[in-house]
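Numbered from 1 within each chain, the chains take letters A, B, ... in sequence-line order.
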2 protein chains.
Amino acid sequence: MRVRLEDVARAAGVSPKTVSRVLNEEAYVKDDTRKRVLAAMESMNYRPSPSARGLAGSRSFLVAMLYDNNDNPASTYLAEIQNGVLDACDANRYSMMVCPLRMRGPDFIRRVDALISDHHVDGVVLTPPLTDHPPLLRRLREREVPHSSVSPVSRNDAIGVCMDDEHAAQALVTHLIQLGHQRIAHVLGIANHGATRWRLAGYKAALSAAGIPYDPDYVVQGEFMFGSGVAAARKLLTLPEPPTAIFAANDDMAAGVMWAANERGMKVPRDVSVCGFDDTPLASQLWPPLTTVRQPAREMGKLAALQLMELLRGKGSGLLVQVPYSLQLRESTGEPPKGS
Amino acid sequence: MRVRLEDVARAAGVSPKTVSRVLNEEAYVKDDTRKRVLAAMESMNYRPSPSARGLAGSRSFLVAMLYDNNDNPASTYLAEIQNGVLDACDANRYSMMVCPLRMRGPDFIRRVDALISDHHVDGVVLTPPLTDHPPLLRRLREREVPHSSVSPVSRNDAIGVCMDDEHAAQALVTHLIQLGHQRIAHVLGIANHGATRWRLAGYKAALSAAGIPYDPDYVVQGEFMFGSGVAAARKLLTLPEPPTAIFAANDDMAAGVMWAANERGMKVPRDVSVCGFDDTPLASQLWPPLTTVRQPAREMGKLAALQLMELLRGKGSGLLVQVPYSLQLRESTGEPPKGS
DNA sequence: CTGAAAGCGCTAACAG
DNA sequence: CTGTTAGCGCTTTCAG
């Protein structure tokens with residue numbers, strides 16, 4: 001019925017253990033033998049049983065992608081990361097499990113435990129804001145589960161992938177300043193996301209570099225979601241001296257800002273410039289197309305997973321690699337209204 | 001270290017086999033015994049090993065969600081279905097694997113095979129357009145892999161979940177007609193999707209019911225993607241006698257249509273009414289908000305998975321359940337321009 | 001209704 | 001560099 005390790009061994013004229021060695025890319029197999037075994041595997045179309053491997057050995061060839069189900073807006077951002085992780089799995093004969101977690105739930109840690117011990121997951125890819133959830137990280141360390149993070153806040157001990165959000169945000173806001181804007185507002189993301197902090201820092205840095213004083217009235221809380229962008233813009237646009245440009249910490253909120261502007265009969269960018277962050281598909285689907293920063297989410301998911309797999313292979317350099325951002329200057333930003 | 005079946009057995013004073021019976025909800029266990037075993041499991045925090053179960057038995061408690069990676073636009077639609085499947089898994093102690101497939105790829109079937117035999121997947125959830133891919137269905141049947149579909153085209157032998165796309169589309173177009181539109185165009189989806197066919201049928205039915213002749217010039221090909229909506233609208237809006245309303249087969253294309261209208265300096269709905277289908281988040285984030293049909297994707301994913309699990313439990317009614325749609329009338333549709 | 005024995009397909013630990 | 005011997009934790013027979 002099923003081709004087993006033993007069958008391959010017989011066909012190749014070696015012991016099962018040798019086949020196992022080849023399968024696991026262990027050292028100490030004569031090159032000649034290895035080739036013979038590989039050929040046998042190929043010709044018999046042998047596929048190892050993950051169950052048996054998981055049961056007998058310590059590895060499962062399964063990685064899990066964890067994400068938070070409460071505080072996570074951008075399903076499109078997560079979907080892209082997931083695609084990236086799948087790309088990496090594909091290239092390395094891993095399989096992926098998807099694990100939505102409710103960070104606020106009382107059984108949060110129990111669920112993580114269950115995941116790990118149930119499926120012997122070899123490692124996990126963490127996405128924001130799980131990348132910096134202390135109880136989770138503690139548990140993963142306790143149980144010695146290798147993990148790799150996408151955009152972790154704490155960049156010292158983490159391995160994974162990140163982007164220079166701060167400089168990206170700074171570049172974006174600098175662009176607004178160069179267009180002539182002085183009254184520039186910022187809509188914050190969810191507090192516990194690193195992205196929120198970095199993008200705010202970039203905003204401040206750009207203002208400060210241009211000698212524009214920081215005005216707390218121009219910085220309002222958002223939650224990375226469309227609706228929060230609408231709410232934030234309603235506040236900002238009714239200020240006695242409203243901003244001429246609004247930088248929202250992500251595209252969804254920027255879309256909300258544009259929506260709120262439309263609602264007031266304002267035209268973007270004539271009456272107010274708007275920009276976002278991430279370059280999700282939405283950005284180019286809005287009218288006018290949104291100026292934003294491109295964040296290569298899929299690439300980041302892939303890289304994080306690849307980092308994890310290197311770690312699993314023992315070759316882990318344990319690095320936090322950085323991917324480049326790029327400004328996407330589109331039509332939602334322009335010169336400030338005359339006489340403002 | 002790990003709590004095993006044997007440990008539970010010892011604690012409950014029964015044989016391992018009995019614990020196994022309880023675990024698998026088999027009949028023929030005295031109620032009293034069952035309770036004792038359950039109590040022991042609970043107090044010892046026992047969690048069965050999926051690897052061992054998979055290896056020894058025939059079940060893996062793993063379901064896979066298959067989707068096509070080429071012809072699939074709406075990542076947000078798939079993400080919602082995925083969430084629904086996860087909901088169902090959660091409720092039934094299943095785990096989910098995510099399997100992007102390249103339908104066009106030469107190794108398509110091999111990949112499916114690999115998936116099934118590698119992981120002993122108990123069953124799969126199929127999403128469009130995989131729901132009607134003959135080689136795939138044949139292979140699944142050959143290998144006797146239970147499967148459940150979301151919106152399959154062939155509704156006879158399929159089990160899963162569907163919506164009445166046709167009547168939904170008809171209702172939507174009827175709404176346009178009631179607003180006074182006569183020249184109504186339609187942007188088609190990808191050809192091999194059932195949704196494309198049904199929505200077109202609904203469009204035709206509505207016209208026909210109103211006595212409006214069907215004009216092939218008003219029906220243009222699209223691909224469910226934003227860009228294809230833009231292209232389609234560019235054609236339609238430059239027609240000698242352009243339509244006063246455009247019904248796109250999904251929201252992404254409708255967004256493209258609105259974008260193209262903006263590009264030409266036209267105002268929606270003053271100059272042209274636009275409506276879509278699905279009610280993805282995008283629909284309410286556009287300006288003006290998009291009139292569309294709400295399709296409960298997450299619910300559908302969940303139901304499809306639940307149907308599958310019933311099938312696995314042997315209680316399979318094998319039904320194709322239908323979920324209700326609802327019209328979302330918003331501001332992108334209005335009366336046709338005067339004198340048109 | 002319950003139990004005993006025999007593996008599922010692989011890898012770990014130890015020999016050679 | 002390669003092989004041997006035991007299991008991993010569960011379910012499947014088959015007996016009671």
- request: Find out whether A/C89 and A/V63 are in side-chain contact, i.e. whether some heavy atom of one side chain is under 4.5 Å from a heavy atom of the other.
  value: yes

task: Give the rounded distance in Å between these two atoms: CD of B/E6 and C1' of D/dC10.
output: 11 Å

Contacts of type ring-ring contact (aromatic ring centres under 6.0 Å, His included), residue B/Y46, not counting sequence neighbours: none

- prompt: For A/L23 and C/dT11, what is the distance between atoms CG and C1' respectively, to the nearest whole Å?
  reply: 10 Å

field: Closest non-hydrogen atom pair, B/D132 against B/V153
entry: OD2-N, 2.7 Å

- request: Could you list all the salt bridge (charged side-chain N to carboxylate O under 4.0 Å, His left out) pairs where at least one residue sits in residues 40-60 of chain A, not counting sequence neighbours?
  value: A/R47-B/D118

task: Measure from CG on B/D31 to C1' on C/dT2 and round the result to the nearest Å.
output: 15 Å

field: Sub-4.5 Å side-chain heavy-atom contact between A/V98 and B/M96
entry: yes

query: Which comes earlier along DNA chain C counting from the 5' end, the contact point of A/S20 or that of B/G13, where each point is its nearest nucleotide?
result: B/G13

- line: Whole-Å distance, B/H119 NE2 to C/dC10 C1', equals 15 Å

message: For DNA chain D, please output the secondary structure as dot-bracket, reading 5' to 3'. Pairs are Watson-Crick or G-U wobble, both atom distances under 3.5 Å; mark crossing pairs with [ ], other-strand partners with |, unpaired with a dot.
response: ||||.|||||||||||

message: Rounded to whole Å, how long is the line connecting atom CG of A/L5 with atom P of C/dG9?
response: 11 Å

Distance, rounded to the nearest Å, where B/K30 contributes NZ and C/dG3 contributes P: 10 Å

message: Would you say A/H119 and B/S95 are linked by a side-chain donor-acceptor pair, where the criterion is simply a distance under 3.5 Å?
response: yes

- prompt: Which parts of residues 41-55 of chain B get close to DNA chain C, meaning a heavy atom less than 4.0 angstrom away?
  reply: B/L55

Rounded distance (Å) that lies between atom P of C/dC10 and atom CD of A/E25: 16 Å

- prompt: In terms of side-chain geometry, is the basic nitrogen of A/K35 or A/D32 positioned less than 4.0 Å from the acidic oxygen of its partner?
  reply: no

Whole-Å gap separating P (D/dC1) and CG (A/D32): 12 Å

- request: Report the residues that fulfil ring-ring contact (aromatic ring centres under 6.0 Å, His included) with B/H133, sequence neighbours left out, ordered by chain and then residue number.
  value: B/F108

statement: In this structure, CG of B/L66 is separated from CG of B/L140 (nearest 0.5 Å) by 7.0 Å

query: Can you tell me if the side-chain N/O atoms of A/S15 get under 4.0 Å from OP1 or OP2 in D/dT4?
result: no

Pairs under 3.5 angstrom, nitrogen or oxygen only, protein versus nucleotides 12-16 of chain C, please.
| from | atom 1 | to | atom 2 | distance (Å) |
| --- | --- | --- | --- | --- |
| C/dA12 | N7 | A/K17 | NZ | 3.3 |

Short N-O contact, A/E6 and A/R10, less than 4.0 angstrom: yes

field: Side-chain ion pair, B/K302 and B/E299, N-O less than 4.0 Å
entry: no

